[in-house]
Amino acid sequence: MKSLAYFFTYALTVVPFVLVNAVSQLTVDCNAKIRRATHCASGAHYGLIENVPKDYKSLVAPLNINVMRAPARAGNGRQQPIGDVIKVAQRLKESPGARVTIELADILPGWPYRWPGIQTWFNEIRSFINDKKKSGLTNFYGNEIWNEPDVTWKDSNGLSFNQMWKQTYDLLRQIDPNEKIIGPSFSWYEENKMKNFLQFSKQNNCLPDIIAWHELSGIDGVSSHFRSYRNLEKSLGISERPITINEYCDENHDLEGQPGSSARFIGRFERYKVDSGMITWWFVPHPGRLGSLLASDTQKGAGWYFYKWYGDMTGDMVSVSPPNENSKLIDGAASVDASAQYVSFIFGGPNDGSVKANFKNLPSFLGSSAHVKVEKIDWKSKDTPSNGPNTIFEKNYSISNGQISVDLSGTNASSGYRIYITKADGSSNTGNNGNDQPAPSNSSSNGERYKIINRYTNRVLAVENDSTANNANVLQWGDNGSSGQQWVVAKEGDQYRITSYDTNKALDVSGRSTANGGNVIIYDDHAQGNQRWKFIDAGDGYVIIENVNSGKVLDVDNASKEYGANIMQWNKNGSTNQQWKLVPLNPPAVTTTIKTTVTKSAQSTNNASSCSAKILSQGYKCCKEGCVVVYTDDDGTWGVENEEWCGCSSKISTTCPPTIASQGYQCCSPGNCAVYSEDESGKWGIENNEWCGTPNSC
Ligand SMILES: *[C@@H]1O[C@H](CO)[C@@H](O)[C@H](O)[C@H]1NC(C)=O
Ligand SMILES: *[C@@H]1O[C@H](CO)[C@@H](O)[C@H](O)[C@H]1NC(C)=O
Ligand SMILES: *[C@@H]1O[C@H](CO)[C@@H](O)[C@H](O)[C@H]1NC(C)=O
Ligand SMILES: *[C@@H]1O[C@H](CO)[C@@H](O)[C@H](O)[C@H]1NC(C)=O
Ligand SMILES: *[C@@H]1O[C@H](CO)[C@@H](O)[C@H](O)[C@H]1NC(C)=O
Ligand SMILES: *[C@@H]1O[C@H](CO)[C@@H](O)[C@H](O)[C@H]1NC(C)=O
Ligand SMILES: *[C@@H]1O[C@H](CO)[C@@H](O)[C@H](O)[C@H]1NC(C)=O
Ligand SMILES: *[C@@H]1O[C@H](CO)[C@@H](O)[C@H](O)[C@H]1NC(C)=O
């Protein structure tokens, strides 16, 4: 629910309501999907360089980073001695899907940048784009033309920033037409400054593909900047563009990467669908520390563990309501993964020492009881290594009306928290309980049956001719359900055994080969490393399947889409012919739908003309006029009244903004026109100590 608590701490003197308790409340609405999990805020500026951190596999890969930012050129005579973007992109290839922003201005020396004249600038850019093309790398996010022009551009350069922007933009479109253009990268958001830039770039056909600015001067203004920017787009007739906040940090630089500080940025970036965000870099001697998530070049800090929780999120991001969108208070982000069957909620930030996390519309796969694990990660300073999170408690909650509330006390502004919810009977498909990579099998040693589909070819992993013999070859084929296309995946510690269903023989790298091209076969299970595999999350429900003995990954030869193309092992290189989806062949029956959590004795008025006949025929009644549709299926549109399901015709309009009513709030009584709060959903009033939507008639 939208919490009244914070509001009242400010409004107590003027509003005649009694504040019942002062906890900081956050509400997660598991039904209100925002988009797929992208870990948008996981990048960092100069956060990954040529040789830091050295151990990519254990320090970078687990964070499932989205977009980093690095200089086009580094070294003598450049803005930065370190972080050459081509070398960074080369390293980043180990993280499938991760990309890096090219900071072109960093080609130049000095701060503010020493402008060499447009011809030299163009020559530098041409030479860089040439080298970029030669590298063959494609994991770039885009060309960012300039950095912080509001601070670093001087009209004494001989032309205005806008003129330089337009000329550089045209050059890039000509020599690197497929790369996105990013800008203006203002050092802070100011509506008029942004408006002038947008007007100019619209008139001159040089609008950036990705809009960039920095958020370094206070979390409390961030949400209003997103609203302001989207309004500018609308008012200027500009189509909606992805937003990159390519430097973000608390206004107190020492809090860079702190869990409590970052949780609020992550929460807001997710809610406003920011495309990418990079933690800033205030500590010049320490590039490559992932935005102070690392305490040293080799050790994890508390921030690292918090972003690991974030990077582990899969499935859909869902709505979180913080106590106040425009304050410095606690905030966070939540995800629901219906196939791995868990809900994860990470949060942190200033609070009054106790936090109430309300979950509503919990997914039906949880059934009637939820297993809740609450963890925290404490932070001392950005340079203090951390031993990782502690569990605060683990407990089963019975789910009533799709809801549970989790209370925490002794909460701290600097720490980060995670609430991780799975099925209470331990049968959630997530084998990891949130600790490792998302695991497709359940944790039983017998394992579950899957078909295994290649992402690029869409063909399935199959034993040739459904053979049952040792050494039978493994190839790809069209999905036809034959026995040789069924695999049993069982978890053993952090590894998996994959056996052919009808033979019990293990998926095996022939001859324990460690070479590229080593063939994959089935063979009697002898539990050696060449028959054991690790799953590395590749996003969107896909995994990379890595052989324990060779470290190489399961690969369709030559990325062929042909039936019969061979399956072998190859160096992991981020291509989609090395990514696989495990689809359960006997998925657990979904016994509880959302609807059965509500009992059937309807109390609403029965009016056959105002709702679906199919709903009425099942014994439900029609909802009252002004009802809100909360669920739609083949039978029609459903609402809820007095905690009962009822038929709610979508034709019936609400008396207040549907954006408020659809969140489960009542509309205020007609004539109750006092507005206590206004946000993107509309105007809010108060009635009976609860928020309500201000009537349209006011
Ligand atoms: C918050 O945690 C930090 C680090 O563990 C500690 O130094 C500080 O005293 C705590 N503050 C409160 C209010 O508990
Ligand atoms: C939760 O419920 C399951 C199934 O009833 C039980 O096995 C488990 O011990 C319970 N866990 C806790 C922490 O109470
Ligand atoms: C997990 O595996 C066991 C043994 O194969 C099976 O009985 C159980 O139903 C499975 N749970 C789920 C959720 O699939
Ligand atoms: C699989 O079947 C095809 C068609 O019958 C045949 O040509 C091929 O030799 C068989 N492969 C093996 C390994 O037996
Ligand atoms: C099904 O696919 C297998 C390969 O996985 C193939 O050997 C078999 O002939 C196919 N069956 C049919 C009916 O196409
Ligand atoms: C690999 O695939 C390409 C493109 O489909 C094809 O031209 C080439 O002959 C294949 N190479 C081999 C060794 O099969
Ligand atoms: C990755 O390896 C595959 C071999 O499976 C190869 O076809 C592909 O070109 C490689 N991709 C990159 C980006 O190196
Ligand atoms: C039934 O609903 C219709 C349409 O909303 C309305 O016109 C009619 O007055 C209602 N009848 C009763 C008995 O409530």
Side-chain angles (χ1 to χ4, degrees), residues 341-343 357 359 362-376 389-400 404-408 418-435 442-445 449-454 456-489 498-508 510-511 519-523 545 554-557 560-568 577 580-583 585 588 591-592:
Q341 302 186 321
Y342 71 90
V343 176
F359 293 83
L362 279 166
S364 56
F365 60 72
L366 290 172
S368 58
S369 177
H371 181 79
V372 174
K373 182 177 181 186
V374 182
E375 295 160 280
K376 68 167 179 166
N390 295 314
T391 299
I392 304 177
F393 63 81
E394 272 189 78
K395 187 156 118 177
N396 292 336
Y397 284 69
S398 65
I399 300 175
S400 153
I404 61 171
S405 283
V406 179
D407 290 306
L408 278 81
R418 176 168 79 161
I419 299 180
Y420 196 83
I421 305 176
T422 48
K423 289 160 80 167
D425 64 6
S427 71
S428 277
N429 288 338
T430 173
N432 60 359
N433 244 341
N435 294 325
N442 86 14
S443 55
S444 128
S445 60
R449 202 149 45 108
Y450 293 90
K451 60 182 170 188
I452 302 181
I453 304 173
N454 187 267
Y456 179 72
T457 67
N458 217 20
R459 308 258 181 254
V460 299
L461 191 73
V463 182
E464 186 170 358
N465 294 348
D466 295 328
S467 166
T468 58
N470 271 338
N471 290 311
N473 193 36
V474 172
L475 40 62
Q476 72 172 0
W477 204 268
D479 178 7
N480 65 16
S482 75
S483 58
Q485 299 185 350
Q486 301 182 26
W487 302 91
V488 175
V489 179
I498 304 174
T499 48
S500 150
Y501 175 64
D502 60 346
T503 64
N504 267 332
K505 294 192 197 302
L507 192 70
D508 174 303
S510 182
N519 195 33
V520 172
I521 56 168
I522 55 169
Y523 201 89
I545 303 181
L554 204 63
D555 177 298
V556 179
D557 194 1
S560 166
K561 294 191 175 177
E562 297 298 316
Y563 280 27
N566 195 37
I567 302 297
M568 53 164 197
N577 67 319
W580 305 85
K581 179 176 260 170
L582 279 72
V583 177
L585 287 166
T591 49
T592 340

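Counting starts at 1 for both ligands and their atoms, in listed order.
The closest donor-acceptor contact from the side chain of Gln476 to the backbone of Ile567 lies at 3.5 Å or more, if one exists at all.
The salt bridge (Lys or Arg N to Asp or Glu O under 4.0 Å) search around Asp425 returns none, not counting sequence neighbours.
Under a 4.0 Å criterion applied to the non-hydrogen atoms of Gln485, ligand 5 contributes the atoms 2 (O), 4 (C), 5 (O). Heavy-atom contacts of Asn480 reach the following atoms of ligand 5: 1 (C), 2 (O), 3 (C), 8 (C), 10 (C), 11 (N), 12 (C), 14 (O) (cutoff under 4.0 Å). Those atoms of ligand 5 that come under 4.0 Å of a heavy atom in Ala462, given as number and element, are 5 (O). Atoms of ligand 4 lying under 4.0 Å from at least one heavy atom of Glu464, given by number and element, are 11 (N), 12 (C), 13 (C).
The closest side-chain donor-acceptor pair between Glu375 and Asn390, if any, does not fall under 3.5 angstrom. In this structure, a donor-acceptor pair under 3.5 Å is absent between the side chains of Asn396 and Ser369. For the 3.5 Å distance criterion, the side chains of Asn454 and Asn577 fail to qualify, holding no donor opposite an acceptor.
Heavy atoms from other residues, nucleotides or ligands lying under 6.0 Å from OH of Tyr397 number more than 12.
Closer than 4.0 angstrom to ligand 2 by heavy atom are Glu394, Asn396, Ala424, sorted by chain and number.
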**Request:** Begin from the C-alpha positions of Arg459 and Asp479 and carry the test salt bridge (Lys or Arg N to Asp or Glu O under 4.0 Å) through to its verdict.
**Result:** CA-CA 6 Å; Arg459 308 258 181 254; Asp479 178 7; over 6 Å; no
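Taking the six-membered ring where the residue is Trp, Trp477 and Tyr563 present tilted rings, their angle falling between 30° and 60°.
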